[in-house]
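All values reported here derive from a predicted model rather than from experimental measurement.
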Amino acid sequence: MEVLATLSRAPATSQARAGEEAYTDARPDAQAAAGPPPPPLRPAAFYSCVFAQIEEIGWERVVSATGDDGVSCLSFRVVDDKGRIHLLEITLPMGYPASPPSITAQVPYLPKIQWSKSSRLKDVICQFQEMLQEFWSTMDEIDKVLRVVDATKPTYAMSHRLLALGDDCYILLHVDAHKPSSLPECRFLGAEGKLDRLIMNWRKNRKRWDTKKKFHENLAGVLDFALPAPPSVGSVRDDEQADCGICYARHLPVDDELGPHSGCATDYTCENPSCSRAFHSVCLRDWLRSITTTRQSFDVLFGNCPYCSDPVAVKVADR
């Protein structure tokens, strides 16, 4: 009887354990079906605080408002003292305003924002404007006074410029965004022998750099060289536009490998009247071959101008 009683109780115990296992196995499935937990809700005081601070700045300057709660990531249109327009993105952490916000913008470096319990969003915008004002003004001066030949349109995040010095010589400048009026880093580009005097002057006179002077005056003084000015609107074809927009030289080098193009001047011009950039057909052909979007039909390459993106076409090889 005792044996029978023991055997009769065994299935009940197995069923109970099976039930426990079934219950245990079901729990992860239930959690997966429920999905990830929702983000923590911000207190109502957060929204009233943010809306009041946006009101101080002006709703017309808000470009977008995104984030899990709709306002934790704000983009503002910022106009500095010189009329330059910037897009500043401000991200508000969960602990805002006790915790400082973070910023993102098209700049060479992100300035450190000074934040206290009494700080507001308008203080972030003011600090952003003041910290990089001198840098942007210096880069504007270079673009307006000197002959910049960068193929791409400069952005507010770029701290370098390629300047034409004439006679197929160039200087690549890197301006210190933290101290834009200080002596820049430079690299001279051009044929051997043509740059010797400029390099010698740079090494000899670099200590003469005066942070109180204008950037272009300092550069001309250190190089002891009259820096070319940007071409006027009416003479772009006769000046800079006559140089190839890819190799930046007016004439190709004398080289047997270039065949009939050896020593030739630019022989292709973009048909867009507002561009009219000149090229060596050899340079343009090599450039188009390096672009994945270029198409070829028979012996002609079809692509886009590297300056204005209008259609251009050049033969694959000379017949």
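- Residues Tyr156 and Pro108 form no side-chain contact, since every pair of their non-hydrogen atoms from C-beta on lies 4.5 Å or further apart.
- Other residues, nucleotides and ligands contribute over 12 non-hydrogen atoms within 6.0 Å of the NZ atom of Lys194.
- Proximity of Leu189 to Ile171: side-chain heavy atoms (C-beta onward) are nowhere separated by under 4.5 Å.
- In the displayed structure, Arg187 atom CZ is contacted under 6.0 Å by at most 12 heavy atoms of other residues, nucleotides or ligands.
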(message) Before you tell me yes or no, could you show the steps for Phe128 and Trp136 under ring pair (Phe, Tyr, Trp, His ring centres under 6.0 Å), namely the whole-Å CA-CA distance, both residues' side-chain angles and the distance that decides it to 0.1 Å?
(response) CA-CA 12 Å; Phe128 173 77; Trp136 286 323; 5.7 Å; yes
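- One finds the CG atom of Leu227 at 6.5 Å from the CG atom of Leu165 (value rounded to the nearest 0.5 Å).
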(request) List the steps, then state whether side-chain hydrogen bond (donor to acceptor under 3.5 Å, both in side chains) holds for Ser118 with Ser116. (result) CA-CA 5 Å; Ser118 60; Ser116 66; 3.2 Å; yes
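- When side chains are defined from C-beta on, Thr294 does not count as touching Thr292, because their heavy atoms never get closer than 4.5 Å.
- In summary, of the residues considered (Leu288, Leu284, Val282), a side chain to side chain contact (heavy atoms under 4.5 Å, CB included) with Asp286 occurs for Val282 alone.
- Val149 has its side chain out of reach of Leu163: every pair of non-hydrogen atoms, C-beta onward, lies at least 4.5 Å apart.
- With Trp115 contributing its side chain and Pro97 its backbone, the two residues share a donor-acceptor pair below 3.5 Å.
- Side-chain contact between Phe188 and Cys169 is absent, with no heavy-atom pair separated by less than 4.5 Å.
- Tyr307 and Phe279 have tilted rings, their planes meeting at an angle from 30° to 60° on a 0 to 90° scale.
- Side-chain contact between Gln129 and Val78 is present, with at least one heavy-atom pair separated by less than 4.5 Å.
- Rounded to the nearest 0.5 angstrom, Ser262 OG and Asp255 CG are separated by 6.0 Å.
- Taking the six-membered ring for Trp and the full ring otherwise, Phe225 and Trp202 have centroids separated by 6.0 Å or more.
- Judged as a side-chain hydrogen bond (donor to acceptor under 3.5 Å, both in side chains), the pairs with a partner in residues 210-222 (not counting sequence neighbours) are, in order, Glu141-His216.
- Residues His160 and Val175 fail the side-chain proximity criterion, which asks for heavy atoms closer than 4.5 Å.
- Using a 4.5 Å cut-off between side-chain heavy atoms of Ile, Leu, Val, Met, Phe, Trp and Tyr, with links allowed through other members, Val71 and Val63 fall into different hydrophobic clusters.
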(message) Please evaluate residues Arg250 and Asp168 with respect to the criterion salt bridge (Lys or Arg N to Asp or Glu O under 4.0 Å), reporting the C-alpha separation (whole Å), side-chain torsions for both, the decisive distance (0.1 Å), and the verdict.
(response) CA-CA 7 Å; Arg250 187 164 301 189; Asp168 294 341; over 6 Å; no
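- Looking at heavy atoms from C-beta onward, Phe302 lies out of side-chain contact with Gln296 at the 4.5 angstrom threshold.
- Phe76 and Leu87 fall into different hydrophobic clusters, defined by Ile, Leu, Val, Met, Phe, Trp and Tyr side-chain heavy atoms under 4.5 Å apart, directly or through other members.
- Applying the side-chain hydrogen bond (donor to acceptor under 3.5 Å, both in side chains) test to every pair with at least one member in residues 85-113, sequence neighbours left out, gives these pairs: Gln53-Tyr96, Asp80-His86.
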Report all side-chain donor-acceptor pairs from residues 55-62 shorter than 3.5 Å, counting only partners two or more places apart or in another chain.
unit_1	atom_1	unit_2	atom_2	d
Glu55	OE1	Trp59	NE1	2.8
Glu56	OE1	Arg120	NE	2.9
Glu56	OE2	Arg120	NE	2.9
Glu56	OE2	Arg120	NH2	3.0
Arg61	NE	Arg77	O	3.4

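- Remark: Lys82 does not engage Asp140 in a salt bridge, criterion side-chain N to carboxylate O under 4.0 Å.
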